[in-house]
Amino acid sequence: MIPASFDYVRPQSLEDALARLGEHGDDARVLAGGHSLLPVMKARLADPGVLVDIAGIESLSGISESEDGITIGAMTTHAEIEASASVQGRCRSLAEAAAAIGDVQVRNRGTLGGSLAHADPAADYPAVILAANAEITVAGADGERVIAADDFFTGTYETALGAGEIITSVRIRASAARGSSAYLKAAQQASGFAVCGVAARVALDADGAVERIRVGVTGVAATAYRATSVEDALTGAAPSAESIRKAAATAGEGVDALDDFYAGADFRRHLAGVYAARAIGKAWIRAAGE
Amino acid sequence: MAQAPKFIGAPIKRRDDPRLIQGLAHYVDDFNPPGTLHMACARSPYGKANIRSVDVSKAAAADGVVAVYTYEETKGIGPVPVGAVLPDAKVPVQPILADKQVLFAGEPVVAVIAETRYGALDAAALVEIDYEPLDAVVDLEAAIEPGSTKVHDDYESNEAFKWGLAGGDVEAGMKEADVIVKEKMTNVRVAPLALEPRGVLAHYLPGEDKMTLWTSTQVPHKVRTLVAGQIGMPENRMRVIAPEVGGGFGSKLNIYREEALAAFVTRELGVPIKWVESRSENFLTTIHGRGQVGEIEMGLKRDGTITAFRYNVLADCGAYYQLLTLAIFTLTGLMLPGPYKIDNIEMNATGVFTNKVATDAYRGAGRPEATYILERMMDIAAVELGMDPVELRRKNFPDKSEFPFGTSAGLSYDSGDYHLALDRALEAADYPAMRAQQEEARNDGRYLGIGFSTYVEICGMGPSAALGGQGWESARVRVEPTGKATVFSGASPHGQGQQTSFAQIVADGLGIDANDVTVVHGDTDVVPYGVGTFGSRGTVVGGSAVVYARDKVRAKMAKFAAMEFEADENDIEFEDGRVFVRSAPEKSAGFADIAMMAYSAIALPEDTDPGLEETHFFEPSNFTFPFGTHIVLVEVDPETGDVEILRYVAVDDVGNMINPLLVHGQIHGGIAQGTGQALEEEMLYGEGGQPLNASFMHYALPKANRLPRFELLHTTTPTDVNPLGAKGVGEAGTIGSTPAVVNAVIDALSPFGITHIDMPLRPERVWRAIAEKRA
Ligand SMILES: Cc1cc2nc3c(=O)[nH]c(=O)nc-3n(C[C@H](O)[C@H](O)[C@H](O)COP(=O)(O)OP(=O)(O)OC[C@H]3O[C@@H](n4cnc5c(N)ncnc54)[C@H](O)[C@@H]3O)c2cc1C
């Protein structure tokens, strides 16, 4: 199908982009990779009057490493994240999530900022963002602010992003010395989106007990969530395959799960448990080994 | 041919590929005559609804809109043609635009003609149609219950027809049986989804009173005859061109509403009219395939001998018939005995109307359904009898000495050696090692499964009398004055690669290089009247016509050579671009020199006219029956329901292969599509008759990353039905693969006591089947 007609602007600076958004208000939409927005427009589910393409703003792209973490520009593509040695070293689950998105074409165009802003309940990144306790930096007419992962995803296609705000970057702390992470998903066979995706990030203490663990689940409910019951059950003790399996089984418990022809609610809840066990197990083995 | 073939049998690369890969091919949408207007349709969002009123005023007033058509303006166009008939079938009339009612989601109601495609689509969205939504008939089994909501108000029920086929005595066969196995099985509706959707460009020139219709079709001459008839135009004033066609799989073996509509409108307006289907429209309005739900009963002796096979089936027709809707399931009946000696068979089919687009031919067209239920039943019976599935199959094969083999369904299988294909496959797969691997995996708590399908299919459609007409194919071969050769084929390849293989056929017979042969097809003003490409007939029937036309030209050239060399025309040989006397090879001339003689015509052999151009219409004496064995190894993850194909071994016997590369390409694609049906594909409708998954974001096509490397082997049992000895390969992969994949999954799950799961075996379905057994 074909979108309704629209205007297009391509500002070269963040200030200019914010000004354009302010000028057009509700009628304007940020355009990043276009791999969520354009399909929606083609289906005529959205018909913005103006697209503000932020691809020309250099400061929004790229991955930088610091002592304790990495900062990823909002316009960084899935393919760049997947291939980045920094991301692989500091937050392996994020590289795994990027690699698991759609297909090559989607990964070459789609961006981290676009995916987070779109907040598709079946997107891959949200699970990692939650598990990694990432910080999302956004810029608006009133300047910059930082939103914590736990506060960012507020509903289906809904985020804490305010009107006229642009995500500029995402900051993730590096895994602990004895820590690692993993992301695993069951993909919908047609779209490739997550029917269930789980990211686990584990930090072990000197004795091998779990010091910190965060588990993010996407695809299962209307919004990505943290499986806190699983985190609580595993914190403080040395894990075993058995204890992980037992704890993980609660990852989908009581969740108001999505339900469609491809996967019913009970199946999704079940998958949450299976994938939580597998992702935690993988992160744990990596943490113990690294 | 005296010499060993040089080109036939060689794995020559397809000459279409470079242009296809580089984007240099020309599909319907690539043609833009000046002044082209664009058509878009306002379509029903409902499965069934009354149309209270239609208001086109806003659409008509929109920028760039030139004309708007509703039922009123187009009711003079003849209805969508129905080609296949059955006695006593109810045949609803399918109008070009809906009048008082719409009967499936996607049915066109209004056509808008505008200067741009965007403009046409925007204006179509402005058409105001006041619908009164009605209950829709979606479920096949519920549709046939007494008192069901009806698709057609003026019919008594949703029963479209009853059709039966019987051979032997099934009751007696069941009585004779020691064991009777029963199962209910579904072959879900799937969408053919050719990568190029349909499209049509119609251009009427009033001065010449002549129309050209470019359309993405498998059957250009059928389109010409039928569409010309629909709009009341002599067919010889219409030229139909099938340019590059990006796949069909049977879905373009049809005549669609938009073709007649565009032809009608261009004649009214005198400017070119173009319509190109969107993918959404393709899901909604291009025919679907399969759509059968049936109960199967099979009787067997303890030793595995099959005594009877019965299939009582509901066949989903959709709301209207398309060209061959009524023929598809008769092929299921004809192939019911498969590759086995089953003396007693019976099929009782009830056609059912539903509020959906019509079903029709989709790659395999009726045969995959037969092979699927039969091969599934073989595995179910093997479990019941405690026999190895291989042994049960072997037990019932006819021996190669029994061919031609007459079946209880009334067919005569031309040639076959089913044991050999099975042996070859078992050897390639290393069956004992596979079973050992399965055993070992089970001990580790992993679920591997081995699936078989030993299939036979009916190809080379086919003798005209058996098809109810038009089973032949035409070809004209011209040797040009410069010694190049041109083939004009009545077949209409759309991805199969006959531009290459027909060149191979002609090159060998004339002793010239395949690169000196050009193959032309798909233009009714240029090629002889033809039937088209479907039913694995392109090479088998179309290629055979090429052989005969080639040989006629060759014989005529031999006369000119004989005159030149003062030799006997039977002593003339063609080789490596030379024409010479076999018994006196020093008497020799270039192929082009002899060709030029025929055109200069300064001297003519006795009783011989100038020129080198011969036509042949080939009528086959029988169908052909390719066969084979597919073996699949899968692993099922019982926690997630995921199925992974670990190995795929296929031995296909397609008779003589003109070009093994093309054969492999066909089998690769066929296996992929058949696997798609087994694991992923299914058109789903909600209660109101709206499709639930009509997009590539929801409807899963099999992707390369879900498929293993295919291990392809062949046995070669030529047929004597045609001069090539070729049996056809377009559908073999689709037919063989679906049951093999499902059988493998069920075999993997046998420790859970699972004996059947209906397709598609999506993860949730597999997981649920296990969960039920565990509970
Ligand atoms: C075939 C296909 C398969 C896919 N499969 C997957 C999959 O498996 N997993 C998955 O997670 N995703 C998948 N996607 C979605 C893909 O990841 C998208 O690229 C991503 O969701 C959106 O990123 P984008 O850069 O393309 O954003 P756009 O489409 O340009 O924008 C999306 C939305 O975010 C807003 N936006 C964009 N950038 C910013 C910003 N910096 N600040 C504020 N707002 C912004 C836009 O205004 C718009 O509302 C798939 C997409 C397609 C087409």
Side-chain angles (χ1 to χ4, degrees), chain A residues 1-6 35-36 38-40 42-45 47 99-100 102-106 120 122 184-198 219 241 245 248-249 252 257-279 281, chain B residues 38 40 63 116-122 124-126 188 191 193 276-283 637-643 675-676 679-686 691-706 760-771 774:
Chain A
M1 281 194 286
I2 288 173
S5 66
F6 55 86
H35 270 56
S36 291
L38 296 185
V40 166
K42 281 158 84 178
R44 305 241 166 157
L45 297 172
D47 57 345
D103 48 45
V104 177
Q105 290 88 335
V106 174
D120 190 305
L184 288 172
K185 87 193 259 200
Q188 212 275 20
Q189 285 161 345
S191 69
F193 273 96
V195 172
C196 169
V198 178
R245 209 170 49 80
L258 298 172
D259 189 300
D260 64 16
F261 78 87
Y262 189 82
D266 55 343
F267 183 48
R268 283 180 204 258
R269 283 192 289 264
H270 162 80
L271 286 180
V274 172
Y275 278 90
R278 292 181 182 182
Chain B
H38 298 262
D63 251 9
T116 64
R117 190 166 180 219
Y118 276 56
L121 285 164
D122 280 340
L126 294 175
V188 293
L193 298 172
V276 175
E277 191 181 47
S278 69
R279 182 57 65 187
S280 317
E281 288 175 311
N282 184 251
F283 269 102
D637 181 335
E639 284 192 307
T640 62
D642 287 332
V643 174
T675 301
L679 298 180
E680 301 172 1
E681 296 185 45
E682 177 180 24
M683 276 307 299
L684 289 162
Y685 288 81
L692 299 178
N693 57 346
S695 88
F696 280 142
M697 286 304 261
H698 301 97
Y699 185 103
L701 280 186
K703 302 196 176 94
N705 64 358
R706 301 254 303 141
L761 303 180
R762 284 195 299 260
E764 176 169 15
R765 227 178 246 191
V766 172
W767 170 74
R768 250 180 232 296
I770 298 169
R774 275 181 169 160

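Throughout, a chain's letter reflects where its sequence line sits, starting with A, and its residues are numbered from 1.
- Contacts of A:Asp103 with chain B are absent, with no heavy-atom separation under 4.5 Å from either backbone or side chain.
- If you measure heavy-atom distances from B:Arg768 to chain A, the contacts under 4.5 Å come from the side chain alone.
- Heavy atoms of B:Thr640 lying under 4.5 Å from chain A belong to its backbone as well as its side chain.
- Comparing A:Leu271, A:Val195, A:Asp266, A:Asp260 by how many heavy-atom pairs each has under 4.5 Å with chain B, the most go to A:Asp266.
- The number of heavy atoms from other shown groups lying within 6.0 Å of CZ (A:Arg245) does not exceed 12.
- No donor-acceptor pair under 3.5 Å is formed between the side chain of B:Glu764 and the backbone N or O of A:Phe267.
- If you measure heavy-atom distances from B:Asn705 to chain A, you find no contacts under 4.5 Å at all.
- Not one N or O on the side chain of B:His698 forms a donor-acceptor pair closer than 3.5 Å with the backbone of A:Tyr262.
- Contacts of B:Arg706 with chain A are made by side-chain atoms alone, with heavy-atom separations under 4.5 Å and no backbone atom involved.
- Contact of B:Pro702 with chain A is not made at all, since no heavy-atom distance falls under 4.5 Å.
- Closest approach of A:Ala190 and B:Lys703 over heavy atoms only: O-NZ, 2.9 Å.
- For A:Phe261 against B:Arg762, the heavy-atom pair with the smallest separation is O-NH2, 3.8 Å.
- Contacts between A:Gln188 and chain B at a heavy-atom distance below 4.5 Å involve the side chain alone, from C-beta outward.
- Only the side chain of A:Arg44 comes within less than 4.5 Å of a heavy atom of chain B; its backbone N, CA, C and O stay farther away.
- At a 4.5 Å heavy-atom cutoff, A:Ala186 makes no contact with chain B through either its backbone or its side chain.
- Contact detail for A:Ile2 and B:Tyr118: the closest heavy-atom pair is CG2-CE2, 3.0 Å.
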